[in-house]
Amino acid sequence: MAKAPVLTPQADDFPRWYQDIIAKAELADNGPVRGTMVIRPYGFAIWERMQAEVDRRIKEAGAQNAYFPLFIPESYLKKEAQHVEGFSPELAVVTVAGGKELEEPVVVRPTSETVIGEFMAKWTQSYRDLPLLLNQWANVVRWELRPRVFLRTSEFLWQEGHTAHATEDDARRYAEQILHDVYRDFMVDVLAIPVVVGRKTAKERFAGATNTMTLEGMMGDGKALQMGTSHELGQNFAKAFGITYLDASGTEQHAWTTSWGVSTRMVGGLIMAHGDDRGLRLPPALAPVQVVVVAVRDEGDVVERCRALTAELRAAGVRVELDARTDGSLGRRVTDWELKGVPVRVEVGPRDLAAGEAVLVRRIEGTKASVPLADLAPAVAAALTEQQASLLAEATARRDSRTAEVDTIDEAVEAAGSGFARIPWSALAAGGEEALAQHAVTVRCLERPDGSLPASEDEADIVATVARSY
RNA sequence: CGGGGUGUAGCGCAGCUUGGUUAGCGCGCCUGCUUUGGGAGCAGGAGGCCGUGGGUUCGAAUCCCGCCACCCCGACCA
């Protein structure tokens, strides 16, 4: 029987599709205060998987986790001129507490460069104290004018790394290490999103940074999403907060600092990069539930056998869940698991058991096959591995087919209607960014022809990737 | 913050133009029976300050004014 589509089709209304999927896959709800969100258990499980993978890589890069306060003295923000200018419009400020007007208002952190800078100054005396490599998992608040669930919420969860180094070179190398070894590897290998990695233009740079590097993903509608950033802060914060050290010759020097972060925005990126008209499609490496074993009906020893198969898969290291809700119809349950993007579904009913088989359904590739029960564990493992690869291949093919090489601003604007455009940076010089902005198109990042990071935007032969963005 | 749109049950909507008994429909929810291999069927039920404040009127979901919220397109935005 033909039913109404589960979700608004992407082609009909992409923003509506996005809202639908968030509601129907039970990822999040709007919070009571404008721009806030409630992350529901399934959405949070996805975030927790992101946290686990990113956290491990951050630790491998040598940084340690710490925690700094939510409240920051207003005066701290004012110590770095560009920083305060950039953030002032979006600060939430507490002026009354304990029933009294505060002597000095405190801001709810929009980011923690300032407090952390204050303490880095306290902890750094000698070149032997450097590098100081810190990270924190926290919530931050930015009163954005146009919130969108996961993509730009007033309060969001993130990881913010803050480091101090003895030299500019050390700082740059570390910021690039995080960009590549933590963020890019995670996004490509785990999220299966083929990000474009490059340098931000001065116009797009983080408030207070000397260089911002970014990872840009292409969403299903061809728009770009900034999935993460890594900044060189030069000596701006070191000078504002007095982060100094004595070098080997006993001379006082200012440190060089960096900061870098990824946030719950990645959940939105994941949805929009891979989702289809049936729901979410989660990369197996990330999925909180990689496999669901569905008992088709409660007959004979079906449920019992499903339980055993689930245990077997779990023992093989798979994140697996059993669906034995046989009082509900199969169609409903299958639709729900597809909405939630679980990569592999193993269906087991009396007919399968009689044949000594199970039906293995791949969510990413959309194929079904009967598999002998004895071969189930290896077949599941293969399905997970192969679908991880095919999801990345699919996303890469889309990005490439929707990226145009152009030479003029008009062509770039045209191409940005459906995807990315790559244009020589020299073709945009002197007012080009503003011209693009007239059409809601921005420069996402700058790369060298070989894809490496330009040391400055003045280098010759730089390529700009431009697009509409979230 | 500009432009546009929408606020009626958990969700999606109709009703409003032309004011008039108990405000409807689909999905979901509850109970029972029958079902269960791709969103089950039948029967019975629960659930509403019609966003909010004021005004007009014998009478307002419906007309008028204010406010608020949400959504979309922008501006803004690590």
Side-chain angles (χ1 to χ4, degrees), chain A residues 1-8 13-16 18-20 22-24 26 29-36 82-83 85-91 109-113 140 142-149 151-154 156 158-162 175 200 203-209 211-215 226-233 258-263 265 278-279 294-299 302 324-339 345 347-355 357-359 361 366 368 370 437-442 468-470:
Chain A
M1 182 176 2
K3 291 279 177 185
V6 177
L7 301 169
T8 302
D13 186 343
F14 197 83
R16 183 73 177 267
Y18 181 73
Q19 306 256 125
D20 279 2
I22 284 169
K24 297 210 171 166
E26 301 181 335
D29 261 331
N30 283 313
V33 172
R34 172 188 164 74
T36 60
Q82 288 185 314
H83 192 64
E85 191 186 332
F87 279 104
S88 287
E90 51 193 77
L91 293 181
R109 62 182 166 215
T111 178
S112 304
E113 275 75 6
V140 287
R142 298 180 188 181
W143 220 258
E144 302 284 2
L145 295 174
R146 188 180 166 196
R148 303 159 74 91
V149 178
L151 299 175
R152 193 183 296 100
T153 44
S154 303
F156 57 95
W158 77 344
Q159 147 286 308
E160 51 178 324
H162 297 270
K200 283 290 188 190
K203 187 170 180 285
E204 302 281 334
R205 197 177 281 158
F206 173 65
N211 176 28
T212 291
M213 294 167 287
T214 180
L215 306 98
Q226 179 177 303
M227 308 268 304
T229 46
S230 185
H231 316 289
E232 286 183 69
L233 303 174
T258 78
S259 68
W260 26 278
V262 293
S263 71
R265 169 182 277 189
R278 290 176 163 225
V294 179
V296 170
R297 50 198 296 175
D298 186 8
E299 199 178 298
V302 167
R325 300 170 298 171
T326 48
D327 51 335
S329 77
L330 179 71
R332 159 58 57 128
R333 291 185 288 146
V334 158
T335 303
D336 282 348
W337 290 116
E338 285 182 347
L339 261 171
R345 188 169 73 243
E347 297 177 352
V348 181
R351 294 211 295 261
D352 307 295
L353 289 180
E357 296 178 332
V359 176
V361 188
K368 275 189 193 187
S370 285
Q438 298 297 308
H439 304 274
V441 175
T442 50
R468 291 173 303 140
S469 72
Y470 282 98

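What you see is a predicted model; the values in this text were computed from it and never measured. Quick note on labels: first sequence line is chain A, next is B, and so on, each numbered from 1. Heavy atoms only: backbone and side chains are in, while hydrogens, waters and symmetry mates are out.
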> Between the side-chain atoms of Lys368(A) and the base atoms of G37(B), is any donor-acceptor pair under 3.5 Å?
Replying inline: no
>> Please report the distance separating the P of G59(B) from the corresponding atom of U21(B), rounded so that it comes out in whole Å.
In response: 14 Å
Polar pairs (N or O, both sides) under 3.5 Å between protein and nucleotides 3-6 of chain B?
none

>> Please report the distance separating the P of C50(B) from the corresponding atom of U62(B), rounded so that it comes out in whole Å.
In response: 10 Å
> Mind checking what makes ring-ring contact (aromatic ring centres under 6.0 Å, His included) contact with Phe87(A), not counting sequence neighbours?
Replying inline: His83(A), Phe206(A)
> Can you tell me how far C1' in A40(B) sits from the matching atom in G15(B), rounded to whole Å?
Replying inline: 31 Å
>> Give me the distance, rounded to whole Å, that separates C29(B) from G10(B) when you measure between the C1' atoms they each carry.
In response: 8 Å
>> Between G66(B) and G24(B), how far apart are the two C1' atoms, rounded to whole Å?
In response: 30 Å
>> Nearest to the side chain of Arg16(A), heavy atoms from C-beta on, is which of A75(B), G39(B), G12(B)?
In response: G12(B)
> Which nucleotide in the list C1(B), C71(B), G37(B) gets nearest to the side chain of Leu145(A)?
Replying inline: C1(B)
> With sequence neighbours left out, what residues match Ser263(A) under side-chain hydrogen bond (donor to acceptor under 3.5 Å, both in side chains)?
Replying inline: none
> Per the atom types in the model, does the base of G38(B) pair as donor or acceptor with the side chain of Arg345(A) at under 3.5 Å?
Replying inline: yes
